[in-house]
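All values reported here derive from a predicted model rather than from experimental measurement. Numbered from 1 within each chain, the chains take letters A, B, ... in sequence-line order.
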Number of protein chains: 2
Amino acid sequence: MTPETRSTPRSNTQRALDELRDLIFSGDLPAGSDHLEVELAQRLGMSRTPIREAMLTLEAQGLVEVRPRKGFRILSLSAEDMEEIYQILTELESLAAERAAARGLSEADLAILAQAIADMDDALSSEDRIAWAKADDRFHAELVRLGGNARVAAIVGMYNDQVRRARATTLYMRPLPHQSNADHRAVYAAILDGDQETARKTHAKHRTNASRLLTELLQRPGMKHL
Amino acid sequence: MTPETRSTPRSNTQRALDELRDLIFSGDLPAGSDHLEVELAQRLGMSRTPIREAMLTLEAQGLVEVRPRKGFRILSLSAEDMEEIYQILTELESLAAERAAARGLSEADLAILAQAIADMDDALSSEDRIAWAKADDRFHAELVRLGGNARVAAIVGMYNDQVRRARATTLYMRPLPHQSNADHRAVYAAILDGDQETARKTHAKHRTNASRLLTELLQRPGMKHL
DNA sequence: ATATTTGACAATGTATGCATTAATTGCGTA
DNA sequence: TACGCAATTAATGCATACATTGTCAAATAT
């Protein structure tokens with residue numbers, strides 16, 4: 001845990017990328033706010049160049065918008081954006097579930113998935129929503145990994161980043177997600193069974209429900225953008 | 001068609017992005033080749049900075065890989081890569097077809113789609129494969145547009161770019177795509193009918209067939225990478 | 001008062017130079 | 001000959017300076 005255990009001296013561009021992501025996800029750079037190159041450069045203690053380069057990558061990932069004389073705008077997501085993203089997540093994760101089921105994976109292969117489910121159960125009993133959200137993240141990330149399509153995993157990861165803020169906001173607005181855990185177990189079972197169709201459909205239903213819940217919460221007055 | 005009709009004097013970074021894309025798609029920068037910053041800078045008549053910035057964007061889009069002292073590598077696609085990409089295209093285009101069917105679109109809304117189909121028919125009768133490929137592109141682009149999810153359209157567009165080289169190569173290796181045209185018409189009819197399930201399944205089958213054909217051709221000896 | 005033009009300013013786009021560092025080559029030694 | 005080490009080289013990472021250009025505001029004309 002020492003501060004300087006890093007062997008590779010990461011480039012400033014890389015640091016800028018990581019730190020800017022953190023600033024965005026933490027809400028330190030709020031959605032909708034604008035930021036000039038010099039401002040961010042000073043803030044991170046480097047020159048404009050690595051900031052620009054990091055911002056280009058973040059733009060390609062859909063997190064910011066470059067507005068030539070107005071600075072970088074941290075993109076906010078409307079309810080419609082959220083629906084678009086959830087459609088994609090539903091679709092691609094369901095594909096991953098189907099493919100995972102098709103691969104004839106053993107219980108050992110599914111250990112991480114099983115662990116994530118167990119962690120979610122624990123988190124639910126202790127009503128620890130943050131721990132639950134983290135385990136849920138792990139479940140979904142591992143699911144797309146098991147799907148065996150690296151590009152699907154990358155896209156899903158990217159969009160999960162984008163909705164992270166929204167999920168954090170709604171985490172305490174929703175009831176405890178008992179149904180989610182049941183869904184996860186059903187998906188797990190279908191994958192282990194090699195039942196592609198069930199894996200896909202079960203997961204699709206799970207995601208569709210989650211999506212509906214989220215968008216309903218987000219459409220409450222005063223929640224316009226995140 | 002005058003060379004200087006452009007009102008906005010596009011930035012060099014933008015030009016670099018466009019021209020590098022063209023060089024890649026045209027095969028002028030062959031898949032697998034490495035290129036240094038200075039080389040490309042000289043080639044495009046600008047300094048290293050806009051080249052670097054363009055390359056970062058291209059890297060985020062999966063077209064090149066930045067290899068710190070070895071130059072930028074133009075990524076080649078193996079048969080496995082192609083399968084990954086086609087899985088995604090199948091999935092997201094089928095989603096688009098379903099959503100398009102759900103939107104209650106009128107015949108007028110589907111005019112571009114219908115035109116693309118007609119163009120493909122014409123191209124088939126005259127056995128003009130290039131015209132067919134272009135119309136096919138238009139059909140798929142319009143389909144995802146009609147799906148109403150801009151992010152889906154963006155992803156599909158990106159991956160279509162990536163497989164363009166492969167499709168060009170195989171264009172003359174395959175039989176004339178009569179079945180494709182029948183598929184397209186079926187998808188069109190389902191969308192007009194508002195039959196979501198048929199739209200999705202029909203398009204999925206269409207894409208799966210196309211994918212199988214392509215990957216078989218690509219697995220012929222001597223075709224390793226594209 | 002409103003619209004328009006001009007001008008100053010400020011932010012970005014781009015080029016360039018320097019420091020850093022990985023790769024490579026050549027040399028010495030076993 | 002083969003191996004390892006050191007020096008050289010070359011490419012990039014980053015900072016910085018400068019040119020360009022959009023923006024804003026003040027001033028003028030209608």
* Could one point to a donor on the side chain of B/Arg69 or the base of C/dT21 with an acceptor on the other under 3.5 Å away? ->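 Side chain to base: pair found, below 3.5 Å.
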* Exam field: side chain B/Glu83 to backbone B/Thr215, donor-acceptor pair closer than 3.5 Å ->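 No, B/Glu83 side chain to B/Thr215 backbone: no donor-acceptor pair under 3.5 Å.
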* Asked: Backbone N or O of A/Gln61 within a donor-acceptor pair of the A/Gln162 side chain at under 3.5 Å?
  ->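 Here the side-chain-to-backbone pair exists.
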* Return the set of residues passing salt bridge (charged side-chain N to carboxylate O under 4.0 Å, His left out) with B/Asp18 (not counting sequence neighbours), or none when no residue passes. =>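 By the salt bridge (charged side-chain N to carboxylate O under 4.0 Å, His left out) rule, B/Asp18 matches B/Arg10.
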* Between D/dA15, C/dA15, C/dT16, which nucleotide has the shortest distance from any of its atoms to the side chain of A/Asn12? ->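 Given the options D/dA15, C/dA15, C/dT16, the side chain of A/Asn12 is closest to D/dA15.
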* Where the side chain of A/Ser11 is defined as all heavy atoms beyond and including C-beta, which of D/dA15, D/dG13, C/dT12 is the nearest nucleotide? ->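 Of D/dA15, D/dG13, C/dT12, D/dG13 is nearest to the side chain of A/Ser11.
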Salt bridge flag under 4.0 Å for residues [X] and [Y]:
{"X": "A/Glu19", "Y": "A/Arg15", "answer": "yes"}
{"X": "A/Asp119", "Y": "A/Lys134", "answer": "no"}
{"X": "B/Arg167", "Y": "B/Asp137", "answer": "yes"}

[atom1] of [X] versus [atom2] of [N]: gap in Å, rounded?
{"X": "A/Arg48", "N": "D/dT16", "atom1": "CZ", "atom2": "C1'", "answer": "9 Å"}
{"X": "B/Arg67", "N": "D/dA11", "atom1": "CZ", "atom2": "C1'", "answer": "13 Å"}
{"X": "A/Arg73", "N": "C/dT12", "atom1": "CZ", "atom2": "P", "answer": "14 Å"}
{"X": "B/Lys70", "N": "D/dT12", "atom1": "NZ", "atom2": "P", "answer": "12 Å"}
{"X": "A/Leu44", "N": "D/dA15", "atom1": "CG", "atom2": "C1'", "answer": "15 Å"}

* Asked: Say you draw a straight line from CD1 of B/Ile51 to CD of B/Glu39; how long is it, rounded to the nearest 0.5 Å?
  ->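 The distance works out to 9.5 Å.
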* Would you list the pairs meeting salt bridge (Lys or Arg N to Asp or Glu O under 4.0 Å) in which at least one residue belongs to residues 55-67 of chain B, sequence neighbours left out? =>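 Matches after skipping sequence neighbours: B/Asp34-B/Arg67.
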* Asked: Has A/Thr49 got a side-chain N or O lying under 4.0 Å from the OP1 or OP2 atom of D/dC14?
  ->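 Checking A/Thr49 against D/dC14: no side-chain N or O falls below 4.0 Å of OP1 or OP2.
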* **Position toward the 5' end of DNA chain C (nearest nucleotide), B/Ser47 or A/Gly71** =>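 The 5'-side residue here is A/Gly71.
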* **Interface with DNA chain C, restricted to residues 51-61 of chain B and to heavy atoms under 4.0 Å** =>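 Residues of residues 51-61 of chain B that come under 4.0 Å of DNA chain C do not exist, since none gets that close.
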* What do you reckon, is CD1 of A/Ile130 surrounded by more than 12 foreign heavy atoms closer than 6.0 Å? ->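 For A/Ile130, atom CD1 is not crowded (no more than 12 foreign heavy atoms under 6.0 Å).
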* Asked: How far apart are the C-alpha atoms of B/His35 and B/Phe72, what are their side-chain angles, what is the distance that settles it, and do they pass the ring-ring contact (aromatic ring centres under 6.0 Å, His included) test?
  -> CA-CA 5 Å; B/His35 303 276; B/Phe72 307 108; 8.8 Å; no
Review item, side-chain donor-acceptor pairs of residues 94-111 of chain A, under 3.5 Å, at least two apart:
unit_1   : atom_1 : unit_2   : atom_2 : d
A/Ser94  : OG     : A/Thr90  : O      : 2.6
A/Ser94  : OG     : A/Ala204 : N      : 3.4
A/Glu98  : OE1    : A/Arg200 : NE     : 2.3
A/Glu98  : OE1    : A/Arg200 : NH2    : 3.0
A/Arg103 : NH1    : A/Leu146 : O      : 2.5
A/Ser106 : OG     : A/Ala108 : N      : 3.3
A/Ser106 : OG     : A/Asp109 : N      : 3.2
A/Ser106 : OG     : A/Asp109 : OD2    : 3.2
A/Asp109 : OD2    : A/Ser106 : N      : 2.9

* Contacts to DNA chain D from residues 32-42 of chain B, heavy-atom cutoff under 4.0 Å, which residues? ->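 Output list: B/Leu36, B/Glu37.
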* **Residues touching DNA chain D, which here means a heavy atom under 4.0 Å, drawn from residues 13-23 of chain B** =>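 None, since no heavy atom is under 4.0 Å.
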